[in-house]
Amino acid sequence: MPDLERYAALDLGSNSFHLLLAEFRDQRMVRLHTDRSMVRLAEGLDEERNLAPAIAERALAALHRFRPVLTELPTDHIRCVGTNTLRTAANADGFLESAESILGVPIEIISGIEEARLIYSGAMAAADGPPRLRCIVDIGGGSTELVRGREVPHRLQSLYMGCVSFSKRFFADGILSTNTVNHFERARRAARAELQELQHLAENAEVVGCSGTVKAVARVLNGGELSAIKREDIDKLAEQVAGARHIADLKLPDLDEERHPVFAAGLAILHAIFCELDIQSMQVSPYAIREGIVHDLAGRLHGGDRRADTVATLMHDGKVDAAQARRVGDTALDLLNKLRPDTPADQRQRLRWAAQLHQIGLALSHSNFRKLGAYMVEQSDLAGFSKNEQEHIAHLVRNQRGRIKPRREHYGFRPNPDLLLCLRLACIVHRDHTDRAVNDLELKARDDRYRLRIPQEWLEKIPPSRICSTRRWTTGSRSR
């Protein structure tokens, strides 16, 4: 297969970093290379959510090892996502900039719900037999994802509990139990409390677990094999671990030495899931989020971009005027072609999505539709989108007209003023919801300023109120 059919996925998780290189053969994904580094990123977060420099350096060293695998791939065939710890770290910008410089691709921070969707997609890629109701479970270093669905996910959940975060919270000194306190039981009760509202998630469904904790427990219980985890077996294992005094005392067969420090915490969470969701048996999937990322990437490049479906659903649910969204989008892109004909495809697509959603806030308010629309775009769990992408689109929606509200730039958020200018002008041109060509307009960038030339006869065809607004915004610095 040519390299153009190969894809790489990197998962910068809270416990370990994973790399997957894969390609598609006859529409079937084949894993070519995998790599893992147990960096325990969540271990480096202090009480103020700052990432410790030593842990950050350990993580960057792992990325240096991954880099050679990526050198021959086009950048749009590579996707690197950051999950729970990078979502919550207060000082993540410096680490993310260093990580991007090593890998040569941006790091996308995704929400817990998007993480759950990608996990489900990956697990389903390995599922066999006819479509049936499934419940997918993934215990990570900082969060736990649970998804119920058939061919597509119906309910997605992300809980802030993971094997690294629970290890810090309950087993910081390695002690599992004392004469007065059973820390393992405390961890298990805390996990069950998080799961109380999800008791029906696995009802009548085949339960499938994936990723490190589930695989580690399966190997311990099944002689090193990734066979199903049975309720009676995990009950006995949980009782055995709860009866030990210290993590160092655990002598379990087929347990990876790197997994040993966080095994008790992961087991406490997994056993709580078995108990609270009344699970009797859990199958083990060899696939997880990495495989989901690869399938998502392939879909984007072959006409199946999940993000486009999400935008279409938002437009439908928000009763957006599709004709107006289309004309504003077409004109904004026409203007961008005049201004910057070499604008990358991802920036063009971002402008199109902003145009499609620029009036989404009208479903809630006419007076505050820009502000509310931006809030909806930025804060919603939008399938397929990273948090970085949502922030950029929300910035465009918020500032489509009126005084521009500047926001602090940070890693992953560097607004492109060209996109904002073109969207604002397109909104002015079509304020009266009328089709209008902009072929006669001339738009150029000069140094840090824009120049817009409009023929007088073209202006005379626009309603008077629009002429005033158009003239007001024909020139000015790029920051405007």
Side-chain angles (χ1 to χ4, degrees), residues 76 79 81 108 110-121 124-125 131 147-156 292-336 343-366 369-400 416 419-420 422-423 426-427 430 433 435:
D76 60 352
R79 191 180 183 197
V81 304
E108 302 178 27
I110 59 174
S111 69
I113 296 301
E114 175 63 4
E115 185 179 355
R117 186 189 71 84
L118 290 170
I119 289 167
Y120 185 85
S121 176
M124 291 300 290
V147 188
R148 179 183 174 90
R150 195 176 292 271
E151 293 183 88
V152 296
H154 301 154
R155 187 177 179 187
L156 303 103
I293 293 171
V294 166
H295 277 83
D296 228 43
L297 267 177
R300 291 183 182 186
L301 295 174
H302 292 282
D305 195 331
R306 185 66 181 86
R307 296 171 297 178
D309 297 336
T310 298
V311 171
T313 299
L314 277 176
M315 292 177 66
H316 177 269
D317 293 347
K319 296 181 172 58
V320 170
D321 183 339
Q324 177 68 356
R326 186 261 313 154
R327 60 173 69 97
V328 168
D330 289 348
T331 294
L333 287 167
D334 285 345
L335 292 169
L336 186 60
T343 301
D346 62 328
Q347 297 284 312
R348 295 173 183 273
Q349 185 60 73
R350 184 174 292 169
L351 179 58
R352 170 67 75 181
W353 284 328
Q356 289 176 309
L357 298 176
H358 78 284
Q359 291 188 326
I360 188 71
L362 287 173
L364 300 176
S365 169
H366 280 261
F369 79 94
R370 291 178 291 119
K371 181 178 180 180
L372 292 173
Y375 183 85
M376 291 168 66
V377 170
E378 186 170 359
Q379 300 299 323
S380 297
D381 291 313
L382 302 185
F385 284 94
S386 68
K387 302 306 290 183
N388 320 62
E389 291 173 317
Q390 291 181 221
E391 191 173 6
H392 275 100
I393 296 172
H395 173 74
L396 294 171
V397 171
R398 178 68 179 87
N399 295 294
Q400 62 187 272
N416 184 341
L419 305 189
L420 184 56
C422 294
L423 179 63
C427 289
H430 299 293
H433 288 229
D435 289 330

Only counting residues at least two apart or in another chain, list the ones meeting ring-ring contact (aromatic ring centres under 6.0 Å, His included) with Tyr120.
-> none

Would you please test His392 and Asn388 for side-chain hydrogen bond (donor to acceptor under 3.5 Å, both in side chains) and show each step?
-> CA-CA 6 Å; His392 275 100; Asn388 320 62; over 6 Å; no

Please identify each residue that fulfils side chain to side chain contact (heavy atoms under 4.5 Å, CB included) with His295, with sequence neighbours left out.
-> Phe24, Met29, Ser121, Ala125

With sequence neighbours excluded, give me every ring pair (Phe, Tyr, Trp, His ring centres under 6.0 Å) pair touching residues 343-363.
-> Trp353-Phe385

Does Ile110 reach the side chain of Arg79, with side-chain heavy atoms less than 4.5 Å apart?
-> yes

With sequence neighbours excluded, tell me which residues meet side-chain hydrogen bond (donor to acceptor under 3.5 Å, both in side chains) with Thr331.
-> His430

How would you list, by chain and number, every residue that makes a side chain to side chain contact (heavy atoms under 4.5 Å, CB included) with His433, sequence neighbours excluded?
-> Asp321, Gln324, Arg327, Gln359

Are the side chains of Ile393 and Arg350 in touch, meaning some heavy atoms are under 4.5 Å apart?
-> yes

Return each pair, listed once, that meets salt bridge (Lys or Arg N to Asp or Glu O under 4.0 Å) where at least one residue sits in residues 300-310; pairs must be two or more places apart or across chains.
-> Asp305-Arg307, Arg307-Glu389

At their closest point, which heavy atom of Gly318 faces which heavy atom of Ala363, and how far apart are they?
-> O-CB, 3.7 Å

With a 4.5 Å limit on heavy-atom distance, are the side chains of Arg117 and Leu156 in contact?
-> yes

Is Gln347 close to Leu351 at the side-chain level, that is, under 4.5 Å between some pair of heavy atoms?
-> no

Just wondering, do Ser111 and Lys387 contact through their side chains at under 4.5 Å, heavy atoms?
-> yes

For Phe369, does the CZ atom sit with more than 12 other heavy atoms under 6.0 Å from it, leaving out its own atoms?
-> yes

Sequence neighbours excluded, the answer for side-chain hydrogen bond (donor to acceptor under 3.5 Å, both in side chains) partners of Asp334 is none

Determine whether Glu114 and Leu382 make a side-chain contact, defined as any pair of heavy atoms from C-beta on separated by less than 4.5 Å.
-> no

side-chain hydrogen bond (donor to acceptor under 3.5 Å, both in side chains) filter on Arg348, not counting sequence neighbours, yields Asn337

What distance separates Ile113 CD1 from Leu118 CG, expressed to the nearest 0.5 Å?
-> 11.5 Å

Contact summary for Ala354 and Leu423, nearest pair of heavy atoms = CB-CD2, 4.4 Å

Nearest atoms (heavy-atom pairs only) where Ile360 meets Gly373 | CG2-CA, 3.7 Å

All side chain to side chain contact (heavy atoms under 4.5 Å, CB included) counterparts of Ser365, not counting sequence neighbours = Ser367, Asn368, Leu372

Partners meeting side-chain hydrogen bond (donor to acceptor under 3.5 Å, both in side chains) with Glu378 (sequence neighbours left out) | Arg407

Test side chain to side chain contact (heavy atoms under 4.5 Å, CB included) applied to Arg352 - qualifying residues, sequence neighbours left out = Asp330, Leu333, Gln349, Gln356

Applying salt bridge (charged side-chain N to carboxylate O under 4.0 Å, His left out), name anything that partners Arg398, two or more places apart in sequence or on another chain.
-> none

